[in-house]
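Step one of this worksheet: look at the structure below.
All of these numbers come straight from a predicted model, not from anything done at the bench. Labels below follow one simple rule: chain letters A, B, ... track the order of the sequence lines, proteins then strands, and each chain is numbered from 1.
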Amino acid sequence: MLKAKILKDLKKCMSKLDFKFEDSFSIEVPNIAEHGDFSSNIALLNAKKNKMKPRDMAKKIADYLILKRDYKSVDVAGPGFINIKLANKVYHKGLIQIITKKHKFGSSKYGKKRKILLEFVSANPTGPLNIVSARAAAYGDSLYRIMNFVGFQAFREFYINDAGNQVDILAESIEIRYREILGDKIEEFPTEAYHGEYIKELAARLYTSEGKNLFYLAEKDRLERMKNFALEDIHQSQLESLERFGVTFENWMSEKKLRQEGILEEALSYLAEANCTYESDDAVWFSSTKFGDEKDRVLIKSDGHPTYLVPDIAYHITKYQRGFSIMIDVFGPDHHAHVAKLRAAMMALDYDLEKLKVVYLQHITLYSHGDKIKMSKRAGKIITMDDLIDEVGKDAARFFFINRKPTAHLDFDMELAKKKSNENPVYYCQYAHARICSILKKARKQKIILKTFDVKNLKKLNKEEELAIIKKLLELPSILISAADSFEPHRLSGYVQELAGLFHKYYSKYKIINENTIELSQSRLYLITAIKNVISISLSLMGISAPNRM
RNA sequence: GCGCCAGUAGCUCAGUAGGAUAGAGCAACGGAUUUCUAAUCCGUAGGUCAGGGGUUCGAAUCCCUUCUGGCGUGCCA
């Protein structure tokens, strides 16, 4: 917000002074307070072009800029930086905006209503959601909220792999447990089958609803019934887990449906039309090497079944057909090879690869009491998303997941996330919000209210800390835009922590309410109301609650 | 072998499209509460940004290279 203003003023100034310049210069918030509120390298980058020394050029710009009323000081420093301090009233104006815009502060039209598809979680419907899905859920959902807030039209989609080999194995696993319930002795449980306890529970529920009936069906029908029962049951429980986590989807895309609608055949015919398929060894191949893949890939196996690549290509064709500006796939780190094939296929079909963005979320290592928790899906030993929500709660879990940049491995300490203490950054932010609420409550009791407040009195906010807080508050819009652009919601979580820190420091140094100085008190109440607003907006964009009391 | 991701304080991580003296939190140590919530604040200590080269006014950031870790490289999904 303020940066934009300075940017505009600087450009105007350059033209007035007849300097040539490029737009690549930057305006930054310096690490060191003495370097001003903002700092620009515009002279450093453009001095050569104008055959001047950077410092001389900077001096001219500074001398011109200071003539404007909104600037408190403009200095030249170091090799030719221009360090800027804005007048207090600029900050006060900004503060008023934050209050007036209420919960819409920070929102913008930046995205120009461009349609965005976010596909995430997309876990196999063969068991409960695990902790990796939880990370994807927290990440994807926050990105969704942020993108919509800055003016994109984002959609969340969950792709269900409810067809193919693995769901057949699921059905077989259920059958074994079902037969067990009917009294069959199972000597050896196949290693490729799903071993988790939930399979037994599923079989038990199946038995409750169907009794022995299924036993008399032909094997094919029996397995089909079991498959459908299991898929529906697991889908429901995944949906519930996600809802507990505060995540919903606009669309659940079913692979089975894609198959039924003949879209797989369609995809194959498109590839054939593009001259990218051939037959060899009884199989149908995709000549993906033409498009940068290291070797060709099988599309139809020699047994006549499609590989998993085909439905995925078909699925992505539907994404393109639906007319999104950007499609973001959120995948685990084990999908690189898969994505290479997929991209090759999209290239073959002449789709714009620029529109297809892939984010690889890295793995999570769970720790408890300092020890790694080992998880094995085969053996059924997994920490589920529900376990996580039960143990540490939605807020803490979401915060921890969002707080890391997506490409980084994540070490997750169950005990730390549970701790309601200063070791836990979630509560640090929430506590700031609760503290402010508590102060506002006290103010209401003492009849110091903002209704009677004249914003002209904001000039009483002249402490360094107060101006620093306003400056930080006004950063929200650009933080959100950068988070949306880079697909990095962790920028927001970092920002809230900084803001909460500024508030806690301010709180301990200055008294907000003082009955002897009503106008000052009101000004400060005005300020902390704005802080509360920004914290609440930020937390809500992360799907985290902002409690009034703790 | 090849490809992708990572390597920053004892630990977990930031570092904003190369910017000035590399920052937080935790852990360690020392302080602050007759007070609007101490789930807080103040202070001390802690670094060869994995190593080496290059690009330039300027590099944790870009390029090259070596090392280390994770993952991938199926007619499994």
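When Watson-Crick and G-U wobble pairs are counted only if both distances are under 3.5 Å, B:rA32 pairs with B:rU40. Across the strands present, B:rU73 finds its partner in B:rG1; the criterion is a Watson-Crick or G-U wobble pair with both atom distances under 3.5 angstrom. Base pairing of B:rA22 is not made with any nucleotide, judged by Watson-Crick or G-U wobble geometry with both donor-acceptor distances under 3.5 Å. Using the Watson-Crick or G-U wobble rule with both distances under 3.5 Å, B:rU56 pairs with nothing in any strand shown.
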Counting primed atoms plus P, OP1 and OP2 as sugar-phosphate and everything else as base, spell out the protein contacts along nucleotides 69-77 of chain B at 4.0 Å heavy-atom distance: B, S or - for each nucleotide, 5' to 3'.
-SSSSSBSB
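Remark: C1' of B:rC36 and CD1 of A:Ile439 are 5 Å apart, rounded to the nearest angstrom. The CG-C1' distance, from A:Asp293 to B:rC2, rounds to 13 Å in whole Å. Atom CD1 of A:Ile512 and atom C1' of B:rC41 are 14 Å apart (whole Å). Distance NZ (A:Lys3) to P (B:rG19): 11 Å, rounded to an integer number of Å. Distance A:Glu515 CD to B:rU35 C1': 13 Å, rounded to the nearest Å. In this entry the distance linking CZ of A:Arg444 with C1' of B:rC36 reads 13 Å, nearest Å. In this structure, A:Lys471 places its NZ atom 13 Å from C1' of B:rU16, rounding to the nearest Å. Taking atom CZ on A:Arg343 and atom P on B:rC4, their separation rounds to 13 Å, with Å as the unit.
Salt-bridge check for A:Lys319 with A:Glu157: failed, with every basic side-chain N at 4.0 Å or more from each acidic carboxylate O. Electrostatic pairing of A:Glu28 and A:Lys3 does not count as a salt bridge here, judged by no charged N lying under 4.0 Å from a carboxylate O. Using a cutoff of 4.0 Å between basic side-chain nitrogens and carboxylate oxygens, A:Asp293 and A:Arg297 are scored as salt-bridged. Using a 4.0 Å cut-off between charged nitrogen and carboxylate oxygen, A:Lys505 and A:Glu465 do not count as a salt-bridge pair. Taking the charged nitrogens against the carboxylate oxygens, A:Lys357 and A:Asp329 have no contact shorter than 4.0 Å, which rules out a salt bridge.
In this model, the phosphate group of B:rG15 is approached by a side-chain N or O of A:Lys405 to a distance below 4.0 Å at OP1 or OP2. At least one side-chain nitrogen or oxygen of A:His490 sits closer than 4.0 Å to the OP1 or OP2 atom of B:rG15.
Sequence order on RNA chain B of the closest nucleotides to A:Ser482 and A:Tyr510 puts A:Ser482 first from the 5' end. When each of A:Arg549 and A:Pro79 is assigned the nucleotide of RNA chain B bearing its nearest heavy atom, the one mapping closer to the 5' terminus is A:Pro79.
Across all strands shown, A:Val29 has heavy atoms under 4.0 Å from base atoms, whether or not it also approaches the sugar-phosphate. In this structure, A:Lys511 reaches the bases: a heavy-atom distance under 4.0 Å links it to at least one base atom across the strands shown. Contacts of A:Arg404 with the nucleic acid, taken as non-hydrogen atoms under 4.0 Å apart, involve only primed sugar atoms and P, OP1 or OP2. Contacts of A:Leu492 with the nucleic acid, taken as non-hydrogen atoms under 4.0 Å apart, are absent. Residue contacts shown for A:Asp162 are absent, as no nucleic acid heavy atom lies under 4.0 Å away. Contact annotation for A:Lys48: backbone-only contact, meaning every heavy-atom pair under 4.0 Å involves sugar-phosphate atoms and none involves a base. Within the nucleic acid shown, A:Leu44 comes within 4.0 Å of at least one base atom, counting heavy atoms only.
For the C1' atoms, the distance from B:rA20 to B:rC4 is 35 Å, rounded to whole Å. Distance check on atom P: B:rC49 versus B:rA9 gives 10 Å, rounded to whole Å. Nucleotides B:rC67 and B:rC76 are separated by 34 Å at their C1' atoms, to the nearest Å. Spacing of C1' atoms, B:rA45 relative to B:rG3, comes out at 43 Å, to the nearest Å. B:rG58 and B:rA22 have their C1' atoms separated by 14 Å, given to the nearest Å. The gap from the P atom of B:rA50 to that of B:rG15 amounts to 15 Å, rounded to the nearest Å. Between B:rG30 and B:rG23, the distance separating the two P atoms is 26 Å to the nearest Å. Rounded to a whole angstrom, the distance from the P atom of B:rU34 to that of B:rU21 is 42 Å.
The ring of A:Tyr428 does not lie on top of the base of B:rG25; it is either too far (5.5 Å or more) or too tilted (30° or more).
Going from atom CZ of A:Arg491 over to atom OG of A:Ser482 covers 4.0 Å, rounded to the nearest 0.5 Å.
At distances below 3.5 Å, not a single donor-acceptor pair connects side-chain atoms of A:Trp252 with backbone N or O atoms of A:Ile160. Side chain of A:Tyr506 to main chain of A:Lys511: no donor-acceptor pair is present (N/O by atom type, distance under 3.5 Å, no hydrogens or angles).
For A:His305, there are no ring pair (Phe, Tyr, Trp, His ring centres under 6.0 Å) partners, not counting sequence neighbours.
Minimum atom distance to the side chain of A:Arg435 is reached by B:rA38, of the listed B:rG19, B:rA38, B:rU16.
You'll find a donor-acceptor pair under 3.5 Å spanning the side chain of A:Ser39 and the base of B:rA20, going by distance alone.
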Donor-acceptor list for residues 469-478 of chain A side chains, cut-off 3.5 Å, not counting sequence neighbours:
| from | atom 1 | to | atom 2 | distance (Å) |
| --- | --- | --- | --- | --- |
| A:Lys471 | NZ | A:Asp37 | O | 2.9 |
| A:Lys472 | NZ | A:Glu498 | OE1 | 2.5 |
| A:Ser478 | OG | A:Glu475 | O | 3.0 |

